[in-house]
J.: 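First the structure, which I've put down as structure tokens, then a few questions once you've had a look.
Letters A, B, ... are given to chains in the order of the sequence lines, protein chains preceding strands, and every chain is numbered from 1.
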Amino acid sequence: MNGHFGEFGGRYVPEMLIPALEELERTYSSARSDPDFRKEFTHQLKSFAGRPTPLTFAANLTKRLGGARIYLKNEGLNHTGAHKITHCIGHALIAKRMGKRRLIAETGAGQHGLATAAVAARFGFSCRVYMGAVDIERQRPNVFWMERLGAEVIPVRFGSATLKDAVNAAIKDWIENVGDSYYLLGSAVGPHPYPTMTRDFQSVVGREARRQILEAEGKLPERVAACVGGGSNAMGIFSGFIRDSGVKLVGVEAGGTGTADGRNALRFRSGTVGVAEGYKSYFIQNRDGQLSRTHSIAAGLDYAGVGPELAYLRSRGRVEFASATDSEALSAFTALSRHEGIFPALESAHALAYAMKVAPRMRKSDALLVNLSGRGDKDLFIVARALKDAGFSSFLRAEGRRR
Amino acid sequence: MASAIDERCRALRREGRMGLMTHIVAGYPSPRKTVPIARAMVRGGADFLEVQIPFSDPLADGPTIMGACERALANGMTTKKALAIASELSSGTGVPIVLMAYYNTVFRHGTARFCADAKAAGVGGLIVPDMPLEEEASEHFMRSCKASDIYNIRVVSPASTDLRLRKNARGAQGFMYCTARQGITGARRELDPNLSSYLRRIKRVSSIPIAVGFGISSRAQVQALSGHAEIAVVGSAIIQVIERQGRGGEERAVERFVMGLRRG
Ligand SMILES: Cc1ncc(COP(=O)(O)O)c(C=O)c1O
């Protein structure tokens, strides 16, 4: 563990945070080789989060597209609705080991915040979640649920009032309170050791998926696709196949509403290498290195940076990148709902949209594995608005009148 | 040529008084007003000027400086314009200029080129808080400072272990920037009660002058540092003076405030 992935990664933070990150790294190193820690982690994943999650063959979608056999790793069946609970349990156990009393988190879609609030309630931490004011507007149900779990949700109004600003606010809180607080970063980003820890915790997804698809298909998949916000679900599933050089790994970024500035979150297309939020990677930024606004219908993908290990794997040609637009993601959402009986999270719908594009061009004997990072319940309001559902909007009006 | 920073530190020692470094965000409150306000600081008695290049995601800054950064960026501030402001101040005020920037600003400009351009602008030292010693092998930032003959000013905090204080002191030039507390920037009324023991720890590992910043807002706090540090740094408190003043009269208000920090 040295925190560098080629030229990417590192620990670019003020001196004030270095002792805390060194302590975190030491604790994690000792936990990693402690069988009791691993046993406890596995036990919590099984008894609390609901692992293993199933691998589902999308028979109807496969038939309709007429190409590769599509498999879904259904992370949406985790407790709290997404893969995020997996690394939250890992981090919470580390926080306990360090004797911390308080968890700090940032959240975009609210899924990471929700998972953090849930582990805080379960393991007895107080919890504060920072969330961009713009994200609160579009993911209000998750705010409600976080508060029911006892977390304090703080709206972040500075900058673009989205995920990157929530990360900033959370880091500042951590700087002020390193003594008793643990920063539970929500993705495979940030200063070392976060990207490594989050990947390691999430790697259970890849191990399960590899075993499950070998069982179902008798061979490895030709391709594995995952949506990429910061990279936690992608690194989780990719790590199971990284040494299988015949398996093509594809990260799917948010194409938003177009290629113009500010309309997407295509870090590898619109971005350049930079250093922000404690790590070096690709960022969407201007010439002077000011981070720019991003857009995606999926709050969890609407982020200016991307995990350093993914930047490295891309530079080595091991992971390829593709994109899906807001409307492609919505179509994929509708298709999966109608044909497979599953609501994907809008983030995950991006990976699915990619799969629907390429499956017809693949052989019928090929297997295409999609990481369905979360379920779509949280996206009720966004989907209802995007689909212009008249019944739902009149319900909302009536609900407004009732209060 | 002797560094203007070293000369000023020696003069302070001779005169037996506490130095004052005042902070300003380039482009705040507007690109036109930064220089006149900085000059007012010097008239008020500032010994050094710390010019911060605004950044969209300033990790170590509290709401006051963050707000100033946002405003400066909305005003169209760029790295090039900030360097031009630094240049104007270095030639026109007679006090040493240090430039504060987050590392992305340096990196995007080109690390070696940034150091050279800052030097050409007459800047005496660079404060880059998110460029720790451990990343030097990848970034060659300190090496670039040396090559351009510009000081690399290290930042340490109360959480720094003695080992880290020693490591940072080894690479430090000009003075060490010691944050008065474990936290982000922002004006406070009281100094941390453990401050003097932490500053003594630094004195034990290095004889380099000490600048103390973060949270300093009053003459009483500046005076409380005397005997423990050589330079007091005041940032957020001055921005608050400018904000309270509103449009017009900022220069007079800043001059009076800075004078008050020195003489009461
Ligand atoms: C369901 C879901 N998928 C994906 C993401 C994107 O994050 P990451 O790239 O870290 O998996 C999020 C983030 O909030 C999410 O909630």
J.: Check whether the side chains of B/Ser160 and B/Asn168 place a donor and an acceptor atom closer than 3.5 Å, and report yes or no.
T.: no
J.: Side chain from CB out, backbone as N, CA, C, O: work out which of these in B/Arg181 comes under 4.5 Å of a heavy atom of chain A, or both, or neither.
T.: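 Both the backbone and the side chain of B/Arg181 come within 4.5 Å of chain A.
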J.: Under 4.5 Å from any heavy atom of chain A, what part of B/Glu70 do you find: side chain, backbone, both or neither?
T.: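 Only the side chain of B/Glu70 comes within 4.5 Å of chain A.
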J.: Most heavy-atom pairs under 4.5 angstrom with chain A, which of B/Glu134, B/Met131, B/Met66?
T.: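 It is B/Met66.
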J.: Checking heavy atoms, do the side chain of A/Val167, its backbone, both or neither come under 4.5 Å from chain B?
T.: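 No part of A/Val167 comes within 4.5 Å of chain B.
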J.: Is it true that the side chains of A/Asp302 and A/Thr294 contain a donor and an acceptor less than 3.5 Å apart?
T.: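 There is such a pair (donor and acceptor under 3.5 Å, judged by atom type) between the side chains of A/Asp302 and A/Thr294.
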J.: Where does A/Glu7 contact chain B at under 4.5 Å (heavy atoms): side chain, backbone, both or neither?
T.: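 For A/Glu7, no heavy atom lies under 4.5 Å from chain B.
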J.: Tell me, for B/Phe107 versus chain A, whether the close heavy atoms (under 4.5 Å) come from the side chain, the backbone, both or neither.
T.: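 The side chain, not the backbone.
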J.: Which answer fits B/Pro63, side chain, backbone, both or neither, if we ask what part of it has an atom under 4.5 Å from a heavy atom of chain A?
T.: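 Interface part for B/Pro63: neither.
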J.: Name the member of B/Thr105, B/Val156, B/Thr79 that forms the most heavy-atom pairs with chain A at distances under 4.5 Å.
T.: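 Highest number of pairs under 4.5 Å: B/Thr79.
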J.: Return the option, out of B/Pro129, B/Ala60, B/Gly62, B/Pro158, with the maximum number of heavy-atom pairs under 4.5 Å with chain A.
T.: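 Most heavy-atom pairs within the cutoff with chain A belong to B/Pro129.
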J.: Return the minimal non-hydrogen interatomic distance between A/Lys280 and A/Pro308, and the atom names on each side.
T.: O-CB, 3.7 Å
J.: Give the member of B/Thr78, B/Val106, B/Ile184, B/Val155 that has the highest number of heavy-atom pairs under 4.5 Å with chain A.
T.: B/Ile184
J.: Taking the six-membered ring of A/Tyr282 as reference, does the cationic atom of A/Arg314 (NZ for Lys, CZ for Arg) lie under 6.0 Å from its centre and within 45° of its axis?
T.: yes
J.: What part of A/Ile171 is in contact with chain B, defined as an atom under 4.5 angstrom from a non-hydrogen atom: side chain, backbone, both or neither?
T.: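 The answer is the side chain of A/Ile171.
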J.: Tell me yes or no: between the side chains of B/Tyr198 and B/Asp192, is some donor less than 3.5 Å from an acceptor?
T.: no
J.: Looking at A/Val273, A/Asn177, A/Asp173, which one has more heavy-atom pairs under 4.5 Å with chain B than the rest?
T.: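 Most pairs with chain B among the choices: A/Val273.
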J.: Using non-hydrogen atoms only, which part of B/Tyr177 is less than 4.5 Å away from chain A: side chain, backbone, both, or neither?
T.: neither
J.: Do A/Asn264 and A/Thr259 get their side chains close enough for a donor-acceptor pair, meaning under 3.5 Å?
T.: no
J.: Do B/Thr161 and A/Glu22 pass the side chain to side chain contact (heavy atoms under 4.5 Å, CB included) test, and can you show the C-alpha distance, the side-chain angles, and the key distance before you say yes or no?
T.: CA-CA 11 Å; B/Thr161 57; A/Glu22 286 178 340; 5.9 Å; no
J.: Hey, are A/Arg11 and A/Glu25 close enough for a salt bridge, meaning a charged N less than 4.0 Å from a carboxylate O?
T.: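 Judged by the 4.0 Å cut-off on N to carboxylate O distance, A/Arg11 and A/Glu25 do form a salt bridge.
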J.: Output the option from B/Ser138, B/Pro132, B/Ala159 having the highest count of non-hydrogen pairs under 4.5 Å with chain A.
T.: B/Pro132
J.: Would you check if there is a donor-acceptor pair between the side chains of B/Glu135 and B/Tyr103 at a distance under 3.5 Å?
T.: no
J.: If you count heavy-atom pairs within less than 4.5 Å of chain A, which of B/Ile53, B/Asp61, B/Thr179 leads?
T.: B/Asp61
